[in-house]
> 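Starting off with a structure, shown below.
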Amino acid sequence: LYNIVDSFFVAKISEEAMTALSLVYPVQNFINAVAIGFGVGINAVIAIGLGAGDRRRADAAAAQGIALSALHGLILTAACIAIMPSFLARFTSDPAVIQMGLQYSGIAFSFSVIIMLGLSFEKLFQAVGRMKITMAALLAGCIANIILDPLLIFGPGPFPELGISGAALATGIGQVLTLAVYLAAYRLFPIPVRLRRSCLKPDGPLIRKLYAVGVPAILNLALPSLLISVLNGLLSVYSQSYVTILGIYYKLQTFLYLPASGVVQGLRPLIGYNYGAGEHSRVRQLYNATLCASGIIMALGTAVCLLWAEPLMSLFTDQPATVQAGGAALRMSPPASAQPTPAPTPAAEDSGSSQERANQAITFSVMPAEAATNDGAVQPDADTTETLRVNCAAWLADSTFDQKDRVDTTLISVAQVTEGDLAAAVCDGESAALLDGTDWAVTLGDTTGHDYAVLLCDSETLAVLGYVPIA
C-alpha cells in the first residue's frame, strides 16, 4: 500500500519518476517478502507453543524471531543499497531514471530494519488474536504516509521540496509510526507472549523451525519480484513507457486484491475457532461465504478495469500515449479471480478464546486403524517416496502433538491429495496457498493394525504443508 500511495504522488513529478519507482518495486517487494514470510514462521511457532500450553517456547520464538528479523533487516539494507546502481542499469540507460531510482531506494531501504521489526510485531499480535491492534498500527502508518507524501514531495509552506526522496522519507516515517504503535501497545496491553532477555539464547531446533516455516513463505511471496524484474527487462527493450504501464498495472492489481485479502484475514480466526470446536459444517459455510464475497469483489474489480481503464491509468501518468497503451493492456488482463485460502490455524485464535479451545484447534488426531486412506493411481518414484518419508518423520518428531510416538514412521504409502484432503487440511495461510491437487498425501504407519497419520506435502519441494485430522 505504501508503494501505491507513493506512486500516486510521484506520478505528478514526471513519468521518469514513475518509471524509477516501478523499477525499484521488485526489490522493495522482496524486502517485504522476507519480512512477511519470516513473520509467518514466527506466528506459527508462537501459536503452536501457546496451543500446547508451552509459554516458554512461545516467548523464545517471539524473542529469537524478532532478533533474527532485525538481523535480516541489517543484511538487506546493505545488500539492496549496494546492488541498486547495477540493478537499475540493467533496465534503463536514462540517467534521470537511474538517479531518481537511487534517491528513492537509498532512503526507502534504509528503513529495512524498521520494516522487519514492524512486521514481526504484526505477526506477534496476530498470533495472540489482537487483530484490532494490528489494524490500528497499519492505519496509523498509512495515514501518516498519505499526509506526508504531498508535503515532502512538493514542499508547500514550511516543508522542504524533496521530490522522489520525499516519497521515500514519508514511507519510512509511516513505517516508524507503525512500529511505535506496536511497541506502545505491547507495553500498555498485556498479551500471553512476552519478550524476555533470557529467551534470546540461540535455540537451534527452534531457529530451524522458524526458518522451516518462514523460508517457503518468503519464496512464495518473493516470486512476483523475479517475475516483475524479468518482465521489466523484456519491456524495456521496446519502450520505457511499457515499464511504467506494467508498474501501474501491478499497483492497481494489488489495490483491488486488498479488500479480498482483508476478507480472508478476517475469516482465519473464525475458521480456527469453529474448526477447533468441531463445527465443521459452520467451517464450510464460512468458506463458501468468503469465496462468494471474494468473487464479488474481484468481479467488481474486473468491471472497473474494463469500463474505466484509461481514467485509472491517468491517475499515475499524464502522457496520452502511455494512458492509451495502458488502457488497452489493462482491458486484456483485468484482475478477475482470487480464491480465499483460509487455513484452520492456531494463529487465528483471538484473545477471548480459552486454553481448552486453543488446544483443540491444534490437536493432531492420530487416526485409528479402521480409518480410510487415500488411494491414488499416480505414485512417486522410490527416491521421492523415501524423501517424503524422511521429511514427514522429521516433521512429526518435531511436533508437539499427542500420541505421535504411536506412529510407525518406517511404513509409508503415498497418494495424490484428494478434494476431501484439501477441504480438511490444517495448515497456515501461506502453506494453504501452495496446497493443490498435484501434491502428495503421505500416510505414515501401519493402517491394518496400528495408529497412523496423514501429512500433506508439496509435490515440488516435498516439504510438509499440513496434515489431515481424523476424528
Side-chain angles (χ1 to χ4, degrees), residues 1-2 28-50 55 57-77 80 108-142 171-172 174-197 199-203 206-222 265 268 345-348 428-430:
L1 186 58
Y2 286 108
Q28 197 172 16
N29 184 68
F30 177 76
I31 293 173
N32 287 327
V34 173
I36 296 170
F38 191 70
V40 169
I42 297 172
N43 179 296
V45 179
I46 289 175
I48 291 173
L50 289 176
R55 293 287 181 87
R57 183 177 177 83
D59 290 350
Q64 295 183 38
I66 289 175
L68 288 169
S69 291
L71 178 61
H72 297 161
L74 290 172
I75 294 171
L76 287 172
T77 297
C80 291
F109 296 169
S110 297
F111 290 90
S112 295
V113 173
I114 302 297
I115 294 171
M116 297 291 163
L117 293 176
L119 285 166
S120 295
F121 271 96
E122 174 187 313
K123 299 305 179 185
L124 169 61
F125 280 102
Q126 287 179 351
V128 296
R130 302 298 175 86
M131 306 297 287
K132 291 182 180 179
I133 292 176
T134 62
M135 179 181 69
L138 292 172
L139 278 175
C142 289
T171 295
Q175 290 161 342
V176 169
L177 183 58
T178 294
L179 178 59
V181 172
Y182 282 130
L183 293 174
Y186 176 79
R187 293 187 65 86
L188 296 174
F189 305 106
I191 59 175
V193 177
R194 306 305 297 173
L195 300 175
R196 308 177 191 276
R197 288 185 181 179
C199 293
L200 285 174
K201 183 179 179 181
D203 181 336
L206 179 64
I207 292 173
R208 285 195 294 272
K209 189 70 174 178
L210 290 170
Y211 282 107
V213 178
V215 170
I218 291 171
L219 294 175
N220 183 48
L221 293 167
Q265 293 289 341
R268 286 173 177 167
T345 167
D428 64 44
E430 301 300 334

> Roughly how far, to the nearest 0.5 Å, is CG of L210 from CZ of F38?
4.5 Å
> Please list, chain by chain and in numerical order, all residues satisfying ring pair (Phe, Tyr, Trp, His ring centres under 6.0 Å) with Y182, sequence neighbours excluded.
F125
> Which pairs pass salt bridge (charged side-chain N to carboxylate O under 4.0 Å, His left out) with one or both residues in residues 38-50, sequence neighbours excluded?
none
> Excluding sequence neighbours, so at least two apart, what forms side chain to side chain contact (heavy atoms under 4.5 Å, CB included) with A140?
L177, V181
> Report the distance from atom CD of E122 to atom CE of M131, rounding to the nearest 0.5 Å.
8.0 Å
> Going from CZ on F30 to CD1 on I218, what distance comes out if it is rounded to the nearest 0.5 angstrom?
7.5 Å
> Quick check: do I36 and K123 have side-chain heavy atoms less than 4.5 Å from each other?
yes
> So do the side chains of R130 and L124 get within less than 4.5 Å of each other, counting heavy atoms only?
no
> Going by the rule side chain to side chain contact (heavy atoms under 4.5 Å, CB included), which residues pair with P192 if we only count those two or more places apart in sequence or in a different chain?
L50, R55, V128
> In a table with atom names and distances, give each donor-acceptor pair under 3.5 Å that connects a side chain of residues 62-76 to protein atoms at least two apart or in another chain.
| unit_1 | atom_1 | unit_2 | atom_2 | d |
| --- | --- | --- | --- | --- |
| Q64 | OE1 | D203 | N | 3.1 |
| Q64 | NE2 | C199 | O | 3.0 |
| Q64 | NE2 | K201 | O | 2.9 |
| S69 | OG | G65 | O | 3.0 |
| S69 | OG | S120 | OG | 2.7 |
| H72 | ND1 | L68 | O | 3.4 |
| H72 | NE2 | Y211 | OH | 2.8 |

> With sequence neighbours excluded, tell me which residues meet side chain to side chain contact (heavy atoms under 4.5 Å, CB included) with A212.
none
> To the nearest 0.5 Å, what is the distance between CG on L119 and CG on N32?
6.5 Å
> Starting at CD1 of I46, measure out to CD of Q126 and round the result to the nearest 0.5 Å.
10.5 Å
> Sequence neighbours left out, what passes ring pair (Phe, Tyr, Trp, His ring centres under 6.0 Å) with F189? Give chain and number order.
none
> Does L138 offer a backbone N or O that forms a donor-acceptor pair with the side chain of T178 under 3.5 Å?
no
> Can you sort out the partners of N29 under side chain to side chain donor-acceptor pair (under 3.5 Å), two or more places apart, ordered by chain and number?
S225
> Within this structure, what is the CG-CD1 distance for the pair L179 and I115, rounded to the nearest 0.5 Å?
11.0 Å
> Among residues at least two apart in sequence or on other chains, which ones pass salt bridge (charged side-chain N to carboxylate O under 4.0 Å, His left out) with R196?
D59
> Is the closest side-chain heavy-atom distance between F111 and T171 below 4.5 Å?
no
